Amino acid sequence: MYPFSFRLFYCAAAFTISILSCQSNAKPEMAEKSNADSMNRKWWKEAVVYQVYPRSFKDADGDGVGDLKGIISKLDYLKSLGIDVIWLNPVFASPNADNGYDISDYRTIMKDFGTMADFDSLLNGLHQRNIKLVMDLVVNHSSDEHEWFKQSRSSRTNPYRDYYHWWNAERGKPAFRPGAFEVDGSGWRFDSLTNAYYLHYFSYKQPDLNWENPKLREEIYAMMNFWFQKGIDGFRMDVIPFIAKDTTFPVITQKVLDEQYGGGWDHYMASGPHLHDYLKEMNNEVLNKYDCMSVAEGAGVTTGTAHDFVDEDRHELNMLYHFEGVSLGFVPGKFKQVKPGGINLVEFKNLYSKWDTVFADKGWGTIYLGNHDQPRMVTRWGNDSPEWRELSSKMLTTFLFTMRATPYYFAGDELGMNNIKFEKIEDYRDIESIGMYNQIKNNGGDLKEFLNDQKITARDNARTPFQWDNTTNAGFTTGIPWLKINPNYTTVNVAVEEKDSTSCLNYFKQLLRLRKENLVLTYGKYTLLDKDNPNVYAYSRELDGKKLLILLNFTASPASVNTGMDISMAKLLIDNYGKAASNNSLQPYEAAIYEITSNE
Ligand code: GLC
């Protein structure tokens, strides 16, 4: 991606740093500090973000739905993890067509979740424990039950009409735009009241806001300031590249349509002409007033466009998370179908190495394998059979905590929770799964194939209630859970894992401490080793003469690795088997981190 001159410059700079650090007489900690300083240290670069999906975390009032009081009752658990930041999925008033991603009032708490007083005590409780709170900013669209939309749809001359995108029917049908959750797949809905279509990239219950209207933007910035003044520490920005649109709505070419699930719609859907003007304006009106963090859900963002969002001198956002990694292995033209035969590790390594290079000099990356839109990471990227679930889950956590990027970790993955794999559509609650099922059904498609694919990739797999203990309903609720609980809760749960020193949970905590104690894991240079090895992901991290080696076997068989380093004398910092790997080979799903001393 980078021009040759940049690569040369980068290598030369790294080389100079290692020579200097060898010659220096400074104490190692001093040297580390000075060099890390040159990496432009920031709290959000050094943080581990833990994502709480409130609907599924803990239900305090027995209605089967998680809530804020539930989270409050688990603050000490959150503290015990050692994480720095909570990203809370939307908790605002919502009719819940898309579990809170359809907001009907941005300044009110959803009834199911509690009250503003509950929110204030949650924020307080987190801050008392030195944990920051990042909220979800969902401003590409609102709910159709938001007052703005009610006004907007009421007449063509209503002052709120231009808060949304309308296409008057006398102009003919608007050019196709996808509506992700709609049975007919269309992103336009006809509204007979004013004889016009309105735009919705997701469901018809989620009309897209019109960012081209300065009044709408002012309202959004005022709302963001309202939450910052309450003391929150940042925003995760839902599908933020979609906010700006080419309002001429040009016809999408067939070629682009064919790439439907390959992200080819970027030009038509995302990154509209004024996107970066709006992000700069948002930074100026809101973000730069606070010591906060911002992270874009980077739908459609590529290594080529990433810098436009996160370079510091552009004054837009801090970080983004891309979709390239989690989309790896999808069959083109199919809805979230994973190619048979497991992951192609060489492709996986190249992809994450490419993204590391992008931010090696400027900007800052994120790393994740799971969230509320993804299946459980151990099912998708590891191996959730009883034999390998724990080991492979620990191995993946090792990957996430040893890359040069801010880790975003989804609640429950620290327990090694895996996909529930529903057999029938009736078990699903997610608008995406249900909408797609009906779409395939209407088109006479293969429903069996779809349901099989969903066992691996459906979002509800990640949304099953959090597993606290082996009492009824995993200790999540005394009522009827809104989504079925994974039956393995009797053995995979916090209570059991807290007591077991070898559990996923205790490994997670140990690894997190290791990341905190070794700044090299945050800022150190990343080098991919043994790059064509199809089974093992090996890399080093280096900072000021400190060098760590990370070895990850991504397979269920023993695997050999050739890093060119003799690890027999190296110091083993952690291993998911609890004991050292032999020099050049790894056990199934083994993960090991070594400190390489200068003699190696
Ligand atoms: C984002 C959210 C997802 C939601 C969609 C529409 O991708 O993460 O959960 O369904 O936006 O708001």
Side-chain angles (χ1 to χ4, degrees), residues 90 92-98 100-111 116 136-182 184 186-227 237-250 268-270 272-275 277-279 281-282 285-286 431:
F92 316 97
S94 166
N96 282 312
D98 185 18
Y101 283 95
D102 48 321
I103 296 171
S104 52
D105 184 347
Y106 288 95
R107 296 180 190 222
T108 305
I109 298 294
M110 187 194 300
K111 281 202 186 69
M116 193 58 95
D136 224 300
L137 183 77
V138 188
V139 291
N140 173 65
H141 45 269
S142 72
S143 163
D144 65 341
E145 297 181 35
H146 194 294
E147 188 55 33
W148 296 339
F149 191 72
K150 289 185 189 162
Q151 294 286 335
S152 182
R153 87 185 328 168
S154 66
S155 87
R156 286 189 181 186
T157 52
N158 186 283
Y160 287 90
R161 186 68 169 179
D162 290 339
Y163 272 43
Y164 296 86
H165 294 282
W166 289 96
W167 183 277
N168 291 340
E170 55 273 19
R171 298 170 71 189
K173 266 194 150 186
F176 175 77
R177 285 294 175 276
F181 303 147
E182 285 307 311
D184 66 0
S186 169
W188 291 104
R189 186 172 176 96
F190 180 68
D191 202 38
S192 56
L193 193 64
T194 55
N195 193 34
Y197 298 85
Y198 68 85
L199 183 70
H200 59 85
Y201 278 175
F202 294 91
S203 83
Y204 80 91
K205 299 278 299 166
Q206 296 163 291
D208 282 37
L209 290 161
N210 178 8
W211 276 71
E212 273 54 59
N213 179 350
K215 278 207 211 111
L216 178 271
R217 300 202 300 275
E218 267 169 43
E219 300 244 27
I220 301 291
Y221 305 148
M223 175 272 284
M224 292 172 74
N225 279 314
F226 165 83
W227 287 102
M237 303 189 176
D238 193 62
V239 291
I240 204 77
F242 288 8
I243 56 173
K245 272 116 186 156
D246 175 348
T247 51
T248 63
F249 295 108
Y268 298 92
M269 288 188 65
H274 298 293
L275 173 63
D277 298 335
Y278 302 155
L279 292 179
E281 185 181 72
M282 179 196 280
E285 297 292 323
V286 187
I431 188 172

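Predicted, not measured: the structure shown is a model, and the values here were computed from it.
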Open item on the list: If we count only N and O atoms by modelled type, under 3.5 Å, do the side chains of Asn195 and Asn168 hold a donor and an acceptor together?
Closed with: no
Open item on the list: Any non-hydrogen side-chain atom of Asp98 less than 4.5 Å from a side-chain atom of Lys205?
Closed with: no
Task: Pair Lys245, Asn140: side-chain N/O donor-acceptor within cut-off below 3.5 Å - done: yes
- [ ] Supply the atom-to-atom distance Asp162 CG to Asn210 CG, rounded to the nearest 0.5 angstrom.
- [x] 6.5 Å
Open item on the list: Treating Ser94 as the side-chain partner and Asp102 as the backbone partner, does any N or O pair qualify as donor plus acceptor under 3.5 Å?
Closed with: yes
Open item on the list: Under 3.5 Å, is there a donor on one side chain and an acceptor on the other for Glu281 and Tyr221?
Closed with: yes
Task: Ser154 (side chain) donor-acceptor with Gln151 (main chain) under 3.5 angstrom - done: yes
Task: Test ring-ring contact (aromatic ring centres under 6.0 Å, His included) applied to Trp166 and Tyr198, Phe249, Trp188, the passing residue - done: Tyr198
Open item on the list: Check whether Ser143 reaches the backbone of Ile103 with its side chain - one donor and one acceptor, N or O, closer than 3.5 Å.
Closed with: no
Task: Inter-residue atom distance Ile431.CD1 - Tyr101.OH, 0.5 Å rounding - done: 14.0 Å
Open item on the list: Can you classify the ring geometry of Phe202 versus His141 as parallel (below 30°), tilted (30 to 60°) or perpendicular (above 60°)?
Closed with: tilted
Task: Residue pair Asp191, Arg153: steps toward the salt bridge (charged side-chain N to carboxylate O under 4.0 Å, His left out) verdict - done: CA-CA 8 Å; Asp191 202 38; Arg153 87 185 328 168; 3.4 Å; yes
Task: Whether Ser186 side chain and Gly179 backbone form a donor-acceptor pair below 3.5 Å - done: no
TODO: Please list, chain by chain and in numerical order, all residues satisfying side-chain hydrogen bond (donor to acceptor under 3.5 Å, both in side chains) with Asp105, sequence neighbours excluded.
DONE: Thr108
- [ ] For Glu219 and Tyr163, test the side chains for any donor-to-acceptor distance below 3.5 angstrom and give the result as yes or no.
- [x] yes
- [ ] Not counting sequence neighbours, which residues clear side-chain hydrogen bond (donor to acceptor under 3.5 Å, both in side chains) with Tyr164? List them please.
- [x] Ser142
Open item on the list: The criterion is ring pair (Phe, Tyr, Trp, His ring centres under 6.0 Å); which residues satisfy it with Phe190, sequence neighbours excluded?
Closed with: Tyr197
Open item on the list: Is the ring pair His274/Tyr278 parallel, tilted or perpendicular, if the boundaries are 30 and 60 degrees?
Closed with: tilted
